[in-house]
Amino acid sequence: MLLADRSARLLRLPREDRVTALFCGATKSLASGLPMASVLFPADEVAMTVLPLMLYHTLQLVVCAALARRLSRTRAPAPSAPTSAPPPAPAASTPAPPPTPPRTGRR
């Protein structure tokens with residue numbers, strides 16, 4: 001997790017992208033480790049090999065939950081809107097059809 005955060009800072013990514021790199025880079029252990037373990041180890045040894053990986057993945061989720069709570073309290077400042085120019089007017093489109101006359105109740 002530290003490596004993902006430091007790499008994102010080194011690349012000078014915006015805060016939103018750094019947070020994304022932090023969470024996505026940290027929680028890939030089970031998704032990538034389980035298929036590799038099933039290929040590398042015999043079937044009767046996979047369970048004991050994957051158990052520490054599953055415990056580590058659970059620890060990652062707990063740490064990420066705590067980090068998410070902390071990061072939600074320290075939000076980045078909102079980007080300031082440009083005040084020099086008014087927003088552009090909507091593009092002109094085809095004229096609207098004339099309104100239909102009200103119904104009188106007789107047919």
Side-chain angles (χ1 to χ4, degrees):
M1 290 173 70
L2 184 63
L3 179 64
D5 181 57
R6 296 300 178 216
S7 299
R9 287 181 188 270
L10 184 66
L11 292 171
R12 296 184 180 157
L13 295 176
R15 182 179 190 271
E16 294 84 12
D17 294 340
R18 287 194 322 257
V19 171
T20 302
L22 175 69
F23 288 113
C24 291
T27 57
K28 298 291 185 205
S29 62
L30 189 61
S32 60
L34 188 58
M36 284 193 297
S38 64
V39 170
L40 293 174
F41 298 103
D44 56 339
E45 292 180 16
V46 170
M48 290 309 293
T49 306
V50 173
L51 182 62
L53 183 65
M54 293 173 70
L55 294 174
Y56 178 68
H57 180 72
T58 305
L59 177 66
Q60 285 178 326
L61 294 177
V62 170
V63 169
C64 284
L67 276 175
R69 180 171 291 195
R70 180 176 177 215
L71 290 172
S72 70
R73 290 184 195 142
T74 59
R75 294 180 185 229
S80 59
T83 57
S84 60
S93 61
T94 58
T100 57
R103 299 185 97 173
T104 59
R106 293 186 299 181
R107 289 190 174 199

Same apolar cluster: [X] and [Y], side chain cutoff 4.5 Å:
| X | Y | answer |
| --- | --- | --- |
| F23 | L59 | yes |
| M36 | V46 | no |
| L53 | L40 | yes |

Rounded to the nearest 0.5 Å, what separates atom [atom1] in [X] from atom [atom2] in [Y]?
| X | Y | atom1 | atom2 | result |
| --- | --- | --- | --- | --- |
| H57 | L34 | NE2 | CG | 10.5 Å |
| E16 | T20 | CD | OG1 | 8.0 Å |
| R6 | L22 | CZ | CG | 10.5 Å |
| D5 | L13 | CG | CG | 10.5 Å |

(message) Check whether R18 reaches the backbone of R9 with its side chain - one donor and one acceptor, N or O, closer than 3.5 Å.
(response) no
So [Y] and [X], do their side chains get closer than 4.5 Å, heavy atoms only?
| X | Y | value |
| --- | --- | --- |
| F41 | V50 | no |
| L51 | Y56 | no |
| L71 | R15 | yes |

